[in-house]
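Written out below as C-alpha cells is the structure these notes cover.
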Amino acid sequence: MCEEHQAGVGRRAVFLTGAAAAVTLGSVSFASAAEGRSRTRTVRGTLEPGAPDFVYVPVEVPHGVREIRVAYTYDRPRVPPGTAGNALDIGVFDERGTGLGGEGFRGWSGGARTEFFVRADEATPGYVPGLVRAGTWHIALGPYTVAPQGLSYEITVTLTFGEQGRTPRPVYPPERAKGRGRDWYRGDCHLHSWHSDGRRTPEEIAALARAAGLDFVNSSDHNTHSAHAHWAEAAGDDLLVLLGEEVTTRNGHVVALGTDPGTFVDWRYRARDNRFGRFARQIRRAGGLVVPAHPHAACIGCNWKFGFGEADAVEVWNGPWTPDDEVALADWDGTLVASVRDGRDWIPAMGSSDAHRDPDTVGLPQTVVLADDLSRRAVLDGIRAGRCYVAESAAVSLALSASGPRGEHAGIGERLRVADDSPVTVRVEVTGAPGCTVRLVTDQGVLHTSAPLPASGEGAVEWRTTPAYAAYVRAEVRHAAVAGPLPGSLAAFTNPVFLGRR
C-alpha cells in the first residue's frame, strides 16, 4: 500500500531551541499490517532559500515493525555560475527523539546515499542496527545548500512488519598493537570509509595504510560512529586502529581522534549557538583529542569558526599540499608566536590525508609520532604533547633537536631550558627528500634556508642561535618552488623546539 503526504517548511512547523535552527513537520502515520507485509508512505515538500539547518519529518512507527527503509530524491535546477545549487543531506533518529546530544541517533549518510534501511540485525553503512521500536521516529533532512528556485524533495518511507532479528554485539579493534616500544610511529588520522561519503571499506583502507608504511589509522566518518564496529578485522599486530568521527558542522569540521568505541558526537550547532565546548569536553571524556580539520578549506561550511581554545591539536596539512594548507600553516605559526608572547600553552600541528576514494592517497600526508608504544593511549599522548612531525610519505624522515652549551638537549615538542644568552645549536636531519631545501622558522620568521639536498635526499643542517634571538625553532622541508616568489610545497615539517627557561 502506498499513500502520499504533502509537507513543507511553512506547514505544521515547530521551532526547536538549544541547537542550530530546525523545524519539525507534521507526522506521517502508518497502520499496522500482518507479518511479512509492508506499508509505504510518500512525503513531498519544498524548502525555500534560507531554510533552517535541519528539517525533521516525524514518522509514527506502530508495533510489530521489523525494518524501516527510506529513499529520497530532490530537484537540481540550473543555477547561475558561482551560485550554490541544491544539496540535501539525510539521516534518522529513533523514538528516543532528536534532542541535541544524539540519544536517538540511528544514522546519517549526508548526501552520499539516496536510500537506507535500519533493522535489528543489520543497517546500511552509516546507520546503526538495533530494534525498531514503536514510537515517533524522525527523518532528519539537512539542506546543505538551497538554490534560488527552492528545493523540492520526495521521501518514500517503507515499513516492513515481522519478527525482529538479533542485534549483533559490536566487536571493536584492540587498543594496542605489537609495535616496537618507544619509537616513531606513522599514522593517518583523517580517513573516510563507505560509512559516510567514502567509497572504501575498512578492510580496503587498512590494506592501503599498510602499503603506505603506516602504523596506525583513525576512523573518522562524517557525523556517524557506525564504522566503529566494522574495524576489528582490519586491525592487527602491525596496524593500530583508533576510532573517532569527523564532526561536520555548518561552521567547520573537527576530528574526534581516538575516542572510546561507540562514541557519537553531535554536530547540529553553529558557532553562534555556544555549544561546541560541550562536545569538545565530551570528546575528551571519551579519551579522545579535539582536532579542528582543514581550518581554511574553501568548501561551504568547512572554514573553522569556533576558535582554537578547545583544540588539542590542529590539522594544518590536509591531503595534497594546496594554498589553503599554506594559509593554515601560517595561521598556526601565529598561534605559536602568541603562546610564547603570552606564556600560555601551545597547540601542536598534525596532518592527514582526508582520503575518500580513488585516487586519494592514504598516508598523504602522515603524522609521525614519538610514542612509548603502539597503543591508543601512547599515540594520543605523543600527539597531545606535540612530539610529532608531518611527512608526505613514509619515504621522508625528519629529525629536529637543539642542544645547549653544557650538553642540554631537547627534541620536537620539547623545551631546551637554558639562559636567554646561551648559545644553542639546532640540528636537522633529513632523508627521502631529494632536491628539497630545509627552512628553519622561528617567532621572527624564516631565519635560515639550506642549499638543496643532494639526489640521495639525505642531509643535515646545523644553525646556531640563542633563546633571546629565537623563542622557538621548527623545520620545514620544501620542494623547489614552481612559480614566482611562492615557496615550494611541503615534503615535511615539524612541531617546534622551544628555547629558554620560560
Side-chain angles (χ1 to χ4, degrees), residues 84-85 87-91 107-116 124-127 142 144-145 186-214 216-231 234-235 239 241-250 252-258 265 267 291-304 315-325 328 350-367 390 392-394 489:
L88 184 63
D89 295 342
I90 197 167
W108 183 257
S109 47
R113 288 182 169 80
T114 58
E115 63 178 294
F116 64 85
T124 301
Y127 294 79
Y144 189 63
T145 54
R186 295 176 178 268
D188 192 341
C189 296
H190 186 169
L191 293 158
H192 296 279
S193 76
W194 67 349
H195 284 263
S196 58
D197 59 346
R199 292 293 180 269
R200 294 163 174 159
T201 66
E203 290 77 12
E204 290 169 335
I205 294 171
L208 292 170
R210 289 180 168 99
L214 300 183
F216 65 92
V217 294
N218 180 66
S219 171
S220 54
D221 281 304
H222 293 283
N223 296 344
T224 182
H225 61 297
S226 68
H228 289 193
H230 297 272
W231 274 99
L239 186 68
V241 176
L242 307 176
L243 302 177
E245 177 186 336
E246 183 175 8
V247 184
T248 308
T249 80
R250 296 299 182 91
H253 303 183
V254 61
V255 173
L257 171 55
V265 184
W267 73 98
V291 185
H294 45 65
H296 292 279
C299 46
I300 295 173
C302 294
N303 197 270
W304 184 250
E315 185 188 78
V316 166
W317 185 352
N318 176 276
W321 187 259
T322 56
D324 62 271
D325 297 311
M350 56 187 302
S352 297
S353 72
D354 200 0
H356 285 68
R357 61 186 70 83
D358 292 340
D360 296 353
T361 302
V362 172
L364 171 60
Q366 52 197 245
T367 299
V390 182
E392 65 181 359
S393 74
S489 62

message = I'd like to check Leu364 versus Pro320 (side-chain heavy atoms, cut-off strictly below 4.5 Å). Are they in contact?
response = yes
query = Looking at CG of Leu242 and NE2 of His228, how far apart are the two atoms once the value is rounded to the nearest 0.5 Å?
reply = 10.5 Å
query = What are the two closest heavy atoms between Ala394 and Arg186, and how far apart are they?
reply = CA-NH1, 3.5 Å
query = Below 4.5 Å, heavy atoms only, C-beta onward: do Arg250 and Trp267 meet side chain to side chain?
reply = no
ask   = Who are the side chain to side chain donor-acceptor pair (under 3.5 Å) partners of Asp197, not counting sequence neighbours?
value = His222, His356
key: For Phe116, ring pair (Phe, Tyr, Trp, His ring centres under 6.0 Å) partners two or more places apart   = Tyr127
task = Please confirm whether the backbone N or O of Gly126 pairs with a side-chain atom of Ser109, one donor and one acceptor, at under 3.5 Å?
result = no
Nearest atoms (heavy-atom pairs only) where Ala209 meets Val217 = CB-CG1, 3.6 Å
key: Contacts of Ser352 that satisfy side chain to side chain donor-acceptor pair (under 3.5 Å) - sequence neighbours left out   = none
query = Rounded to the nearest 0.5 Å, what separation is found between the OH atom of Tyr144 and the OG1 atom of Thr248?
reply = 8.5 Å
note = SG (Cys189) and CD (Glu246) are apart, to the nearest 0.5 Å, by 12.5 Å
ask   = Where is the tightest heavy-atom contact between Gly111 and Asp89, given as atom of each residue plus distance?
value = N-OD1, 3.1 Å
task = Might you work through the side-chain contact (heavy atoms from CB on, under 4.5 Å) test for Thr367 and Trp317, ending with a clear yes or no?
result = CA-CA 10 Å; Thr367 299; Trp317 185 352; over 6 Å; no
inquiry  = Going by the rule side chain to side chain donor-acceptor pair (under 3.5 Å), which residues pair with Asp188 if we only count those two or more places apart in sequence or in a different chain?
reply    = Ser353
remark   = On a heavy-atom basis, the closest approach of His294 and Asn318 is CD2-ND2, 3.5 Å
task = State, to 0.1 Å, how close Ile300 and Ala84 come at their nearest heavy-atom pair, and which atoms those are.
result = CD1-CB, 4.2 Å
key: Backbone N/O of Leu191 and side chain of Ser220: donor-acceptor pair under 3.5 Å   = yes
Spacing of OG belonging to Ser489 relative to CG belonging to Asp325, to within rounding of 0.5 Å = 10.0 Å
query = Would a 4.5 Å heavy-atom cut-off, applied to side chains only, mark Val254 and Trp304 as touching?
reply = yes
ask   = When rounded to the nearest 0.5 angstrom, what distance separates CG in Leu214 from CG in Leu208?
value = 9.5 Å
Ring pair (Phe, Tyr, Trp, His ring centres under 6.0 Å) partners of His195, counting only residues at least two apart = His230
request  = Show the numbers, then the answer: is there a side-chain contact (heavy atoms from CB on, under 4.5 Å) between Asn218 and His190?
outcome  = CA-CA 6 Å; Asn218 180 66; His190 186 169; over 6 Å; no
query = What's the verdict on side-chain contact (heavy atoms from CB on, under 4.5 Å) for Asn303 and His296, showing C-alpha distance, side-chain angles and the deciding distance?
reply = CA-CA 5 Å; Asn303 197 270; His296 292 279; 4.2 Å; yes
request  = Could you check Gln366 against Phe216 for side-chain contact (heavy atoms from CB on, under 4.5 Å), going step by step and ending with a plain yes or no?
outcome  = CA-CA 10 Å; Gln366 52 197 245; Phe216 65 92; over 6 Å; no
key: Heavy-atom closest contact (Pro202 atom, Ala234 atom, distance)   = O-CB, 3.8 Å
OG on Ser219 to NE2 on His192, rounded to 0.5 Å = 9.5 Å
ask   = Side-chain contact, heavy-atom cut-off 4.5 Å: Arg200 with Asp358?
value = yes
key: Set of residues satisfying side chain to side chain donor-acceptor pair (under 3.5 Å) with respect to Trp321, sequence neighbours excluded   = Glu326
